[in-house]
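The shown structure was predicted, so the numbers you read here are calculated from the model rather than taken from an experiment. Whatever order the structure lists them in is the order used to number ligands and atoms, beginning at 1.
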Amino acid sequence: MAIKKINVALLGYGYWGTNILRNIVQNPAFGDIWLYDTNEAKAGKAKSQYSQIRIAGSYDQVLDDSNIHAVIVATPTPTHYTLCSAALQHGKHVLAEKPLTTSLAEAEELVALARAKSLVLMVDHIFTYNSAVRKLKTYLSQDQIGQLSYIDSTRINLGVYQSHTNVLWDLACHDISIINYLIDERPSAVSAIAKKNKDYDVEDLAYLFLHYDSGLMVHINTSWASPVKMRRMIIGGEKKMIIYDDIEPSNKLTVYEFDNSIAEDEDKKTLVDYRLGNISIPKFEVIESLKTCLEDFAGAILHQTAPLSDGQSALSVISIIEHAILSLQRGGEKISIR
Ligand SMILES: NC(=O)c1ccc[n+]([C@@H]2O[C@H](COP(=O)([O-])OP(=O)(O)OC[C@H]3O[C@@H](n4cnc5c(N)ncnc54)[C@H](O)[C@@H]3O)[C@@H](O)[C@H]2O)c1
């Protein structure tokens with residue numbers, strides 16, 4: 001039977017769950033909204049803010065309720081696989097927070113399960129729904145920046161240390177999902193080096209290099225150990241270079257025209273004349289990324305549209321990170337990606 005409004009259960013009302021609930025409540029595609037958080041105080045707080053939501057007493061209550069069409073998983077990463085798998089097995093569409101899982105085998109299982117049951121499985125690769133990133137993609141798809149030469153991405157801050165996932169799963173998954181969205185090519189190899197703070201069990205600082213057959217070079221710097229917060233990506237092409245700075249309140253994209261010419265002086269020495277041309281700051285409408293992501297999820301369920309951040313996109317990100325972790329375990333060895 002066709003669904004008119006999506007009855008949804010949100011799992012987890014922590015830092016990110018609060019943003020998700022605010023957006024679901026405002027989205028008319030969603031009908032009844034349930035929340036389940038193992039921490040009853042958090043669920044109570046949500047209820048006091050949004051009286052219309054219902055609080056589930058257990059996850060089994062959500063799973064056994066055939067009126068609930070979809071589950072959104074915003075719980076700590078190690079819980080994702082079990083919670084997503086149970087939801088799919090009970091015939092519910094799933095939107096999971098990033099990363100979908102921290103194991104390619106588990107993610108492949110979830111993707112296969114969703115396919116077998118004709119259910120939507122999405123992951124919240126939030127930056128692929130970001131207005132600046134989408135504007136950036138128009139420059140690449142309209143071939144305005146020329147042959148891509150490099151991408152240099154920095155995502156560093158004094159982060160909240162997480163005992164269960166390292167900085168690659170927490171932060172680099174954003175950069176990788178953005179780069180996979182911007183370009184069609186996938187890396188053929190990866191190398192990575194990382195460090196653990198002496199008091200930590202997991203890596204809190206990592207440098208990643210993605211190698212592409214086309215010659216494109218990608219460098220990603222992720223850290224929870226930086227005194228400053230930076231969210232900056234530099235995209236270098238033959239014709240233009242673009243800086244995407246997500247910290248900038250309004251001018252998130254700056255486009256530099258670029259040219260270089262080669263001449264020889266009297267002594268036949270090669271002289272390279274680098275020139276930057278016009279600098280522009282494109283204007284674009286800014287829409288909250290989570291709003292667009294939830295619209296994509298709703299569209300996929302109600303109108304069977306193909307979601308952008310689907311299970312396949314999750315597999316690619318997870319595969320790259322798994323290979324990067326293998327590389328750092330082998331002292332930065334270049335690892336081919338199958
Ligand atoms: N897309 C983004 O930009 C973004 C940003 C932040 C976090 N995240 C992701 O969101 C997820 C949650 O992160 P967070 O920072 O909100 O964590 P958090 O610790 O602040 O919140 C997690 C919540 O889940 C609850 N919980 C734990 N186990 C549960 C279970 N089995 N069933 C129901 N509730 C349970 C906890 O009580 C807590 O309230 C992580 O996977 C993280 O990577 C994504």
Region of Thr77 engaging ligand 1 - heavy atom pairs below 4.0 Å: both
Short side-chain donor-acceptor distance under 3.5 Å, Asn23 and Glu288: yes
Residue Lys45 excluded, over 12 heavy atoms near NZ under 6.0 Å: no
Distance-only polar pair, side chains of Ser226 and Asn157, donor-acceptor under 3.5 Å: no
Shortest protein contact, atom 21 (O) of ligand 1 (heavy atom only): Gly14 CA, 3.2 Å
Nearest neighbour of atom 22 (C) of ligand 1 from the list Ala43, Pro76, Gly12, Ala9, on a heavy-atom basis: Pro76
Selection from Asp37, Leu10, Asn39 by shortest heavy-atom distance to atom 36 (C) of ligand 1: Asp37
Atoms of ligand 1, numbered as shown, that sit under 4.0 Å from any heavy atom of Thr75: 11 (C), 12 (C), 24 (O), 26 (N), 29 (C), 30 (C), 32 (N), 33 (C), 34 (N), 35 (C), 40 (C), 41 (O)
Contacting atoms of ligand 1, where contact means under 4.0 angstrom from a heavy atom of Asp124: 1 (N)
Winner among Trp16, Tyr15, Trp169 once heavy atoms are compared against atom 18 (P) of ligand 1: Tyr15
Heavy-atom nearest neighbour of atom 42 (C) of ligand 1 within options Lys45, Lys98, Glu40: Lys98
Mutual orientation of the aromatic rings belonging to Tyr36 and Tyr59 [parallel < 30°, tilted 30-60°, perpendicular > 60°]: parallel
Geometric N/O contact Thr79 with ligand 1, under 3.5 angstrom: no
Lys47 (side chain) donor-acceptor with Ile53 (main chain) under 3.5 angstrom: yes
Cation-pi geometry met for Arg22 and Tyr50 (6.0 Å, 45°): no
Spatial distance of atom CD1 (Ile243) from atom CG (Leu253) [nearest 0.5 Å]: 10.5 Å
Shortest protein contact, atom 28 (N) of ligand 1 (heavy atom only): Thr38 OG1, 3.7 Å
Crowding at NZ, Lys137 (>12 non-hydrogen neighbours, <6.0 Å): yes
Which of the ligand 1 atoms, numbered from 1, are nearer than 4.0 Å to a heavy atom of His80: 41 (O)
Sequence neighbours excluded - side chain to side chain donor-acceptor pair (under 3.5 Å) pairs with any residue from residues 189-199: Ser191-His211
Non-hydrogen atom of Tyr13 closer than 4.0 Å to ligand 1: yes
Heteroatom proximity flag, Asp170 to ligand 1, N/O under 3.5 Å: no
NZ/NE/NH1/NH2 to OD/OE distance under 4.0 Å, Lys5 and Asp32: no
Close-contact set for ligand 1 against Tyr36 heavy atoms, below 4.0 Å: 32 (N), 33 (C), 34 (N)
Atom 44 (C) of ligand 1: nearest protein contact (heavy atom, Å): Glu97 OE1, 2.9 Å
Atom indices of ligand 1, in the order listed, that fall short of 4.0 Å to a heavy atom of Lys42: 38 (C), 39 (O)
